[in-house]
Number of protein chains: 2
Amino acid sequence: MSARREAVREALSASPEFRSAQELYAALRAGGSKIGLTTVYRALQALSDSGEVDVLRTDDGEAVYRACDTESHHHHLVCRVCSTAVEIEGPTVERWAAEMGDKHGFTGVTHTVEVFGTCARCSRS
Amino acid sequence: MSARREAVREALSASPEFRSAQELYAALRAGGSKIGLTTVYRALQALSDSGEVDVLRTDDGEAVYRACDTESHHHHLVCRVCSTAVEIEGPTVERWAAEMGDKHGFTGVTHTVEVFGTCARCSRS
DNA sequence: CGTATTTTGACAACCATTTTCGTTTTCGCG
DNA sequence: CGCGAAAACGAAAATGGTTGTCAAAATACG
């Protein structure tokens with residue numbers, strides 16, 4: 001683990017929120033580092049590969065990263081009118097996906113789940 | 001609703017899967033249409049605004065769209081090596097998704113689930 | 001030290017998506 | 001119909017996050 005990569009990890013850990021690569025790059029530069037944007041991307045990719053950070057995509061396609069201290073895997077309930085998203089989780093689905101994989105002899109099973117609906121507020125109008 | 005927009009909606013309805021704008025554009029052109037890529041994007045945006053299609057982002061940031069009807073509902077277990085897909089279904093997830101929607105006051109709840117893994121044959125090699 | 005390997009960063013390339021803008025089609029109405 | 005306004009269209013250019021390239025710099029190792 002190089003010093004630069006460590007710096008990216010720390011910058012990410014400094015906030016519990018999801019941060020974009022561009023934000024992290026700006027923050028590091030603002031803090032005096034001479035790091036390059038390319039390196040930030042590479043560091044984030046490496047961290048994500050090793051499972052140390054969670055990655056997801058915002059609605060406009062930007063990748064955002066978060067330090068992953070709780071290994072929290074969750075899904076989203078998205079309003080199809082206003083795009084508000086609620087985080088949801090479900091041991092139920094996790095178990096179901098794993099069972100399905102087993103049943104058909106699949107290994108290394110992962111899954112993606114997205115739930116859509118119209119939120120309470122948008123339903124009223 | 002213009003003819004072109006209607007064509008996009010039909011192309012999308014032709015498959016129950018999520019399709020990208022680029023795929024739809026290619027399919028329409030292959031079918032002899034003189035439609036432009038710009039128009040495909042505009043049509044998808046309009047359809048998504050009016051709630052007729054669901055949109056989500058793939059892991060590599062591409063937007064994918066799906067006609068929003070609830071018929072013939074099932075999911076896929078896809079091998080990430082050879083892409084073989086097994087159809088699976090699960091009252092479990094259906095119920096879970098519905099519950100999640102209810103719990104947060106969402107109406108008209110739909111969902112999408114994709115399960116990935118390495119199939120038995122590919123695991124061996 | 002000296003060489004091999006890895007990491008870095010400026011810059012160019014990529015590619016899905018959006019914007020621009022001039023042209024074409026559709027619509028409303030007499 | 002005819003005609004003008006408004007909307008839709010499409011080609012090309014712009015945008016912007018992300019990835020590839022490659023030579024230079026840092027680091028590892030004998």
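The chains referred to below are lettered A, B, ... by the order of the sequence lines, with proteins before strands, and numbering in each begins at 1.
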Legend entry - Distance-only polar pair, side chains of B/H75 and B/E94, donor-acceptor under 3.5 Å: yes
Legend entry - No-hydrogen, no-angle side-chain donor-acceptor test under 3.5 Å, B/Q22 and B/Y41: yes
Atom-to-atom span, [atom1] of [X] to [atom2] of [N] - whole angstrom:
{"X": "B/Y25", "N": "C/dT17", "atom1": "OH", "atom2": "P", "result": "14 Å"}
{"X": "A/D59", "N": "C/dT17", "atom1": "CG", "atom2": "P", "result": "13 Å"}
{"X": "B/L28", "N": "D/dC9", "atom1": "CG", "atom2": "C1'", "result": "14 Å"}
{"X": "A/E23", "N": "D/dG17", "atom1": "CD", "atom2": "P", "result": "11 Å"}
{"X": "A/Q45", "N": "C/dT6", "atom1": "CD", "atom2": "C1'", "result": "17 Å"}
{"X": "A/Q22", "N": "D/dT19", "atom1": "CD", "atom2": "P", "result": "11 Å"}
{"X": "B/L44", "N": "D/dA8", "atom1": "CG", "atom2": "C1'", "result": "15 Å"}
{"X": "B/R57", "N": "C/dC15", "atom1": "CZ", "atom2": "P", "result": "17 Å"}

Between [options], which nucleotide has the shortest distance from any of its atoms to the side chain of [X]?
{"X": "B/E62", "options": "D/dG17, C/dT17, C/dT8", "value": "C/dT17"}
{"X": "B/I35", "options": "D/dG10, D/dT18, D/dC9", "value": "D/dG10"}
{"X": "B/T39", "options": "C/dC11, D/dT18, D/dC9", "value": "D/dC9"}
{"X": "A/S2", "options": "C/dT8, C/dG9, D/dA8", "value": "C/dT8"}
{"X": "A/T38", "options": "C/dA10, D/dC9, C/dT19", "value": "C/dA10"}

Inset, instruction - Looking only at non-hydrogen atoms, find the nearest pair between A/T118 and A/S123 and report the distance. - result: O-OG, 3.3 Å
Inset, instruction - Tell me whether the OP1 or OP2 atom of D/dT19 has a side-chain N or O from A/Y41 closer than 4.0 Å. - result: no
Legend entry - Under-4.0 Å side-chain N/O to phosphate OP1/OP2 contact, B/R4 with D/dG10: yes
Inset, instruction - Consider only side-chain heavy atoms of I, L, V, M, F, W and Y, link residues closer than 4.5 Å, and tell whether A/L47 and A/L37 are in one cluster. - result: yes
Inset, instruction - May I ask you to say whether B/R66 pairs ionically with B/E17, meaning some side-chain N is under 4.0 Å from a carboxylate O? - result: no
Inset, instruction - Could you check whether B/R42 gets within reach of a base, just the sugar-phosphate, or nothing at all, counting any heavy atom under 4.0 Å? - result: base
Inset, instruction - May I ask you to say what B/L37 touches in the nucleic acid, namely base, sugar-phosphate or nothing, with a heavy-atom cut-off under 4.0 Å? - result: base
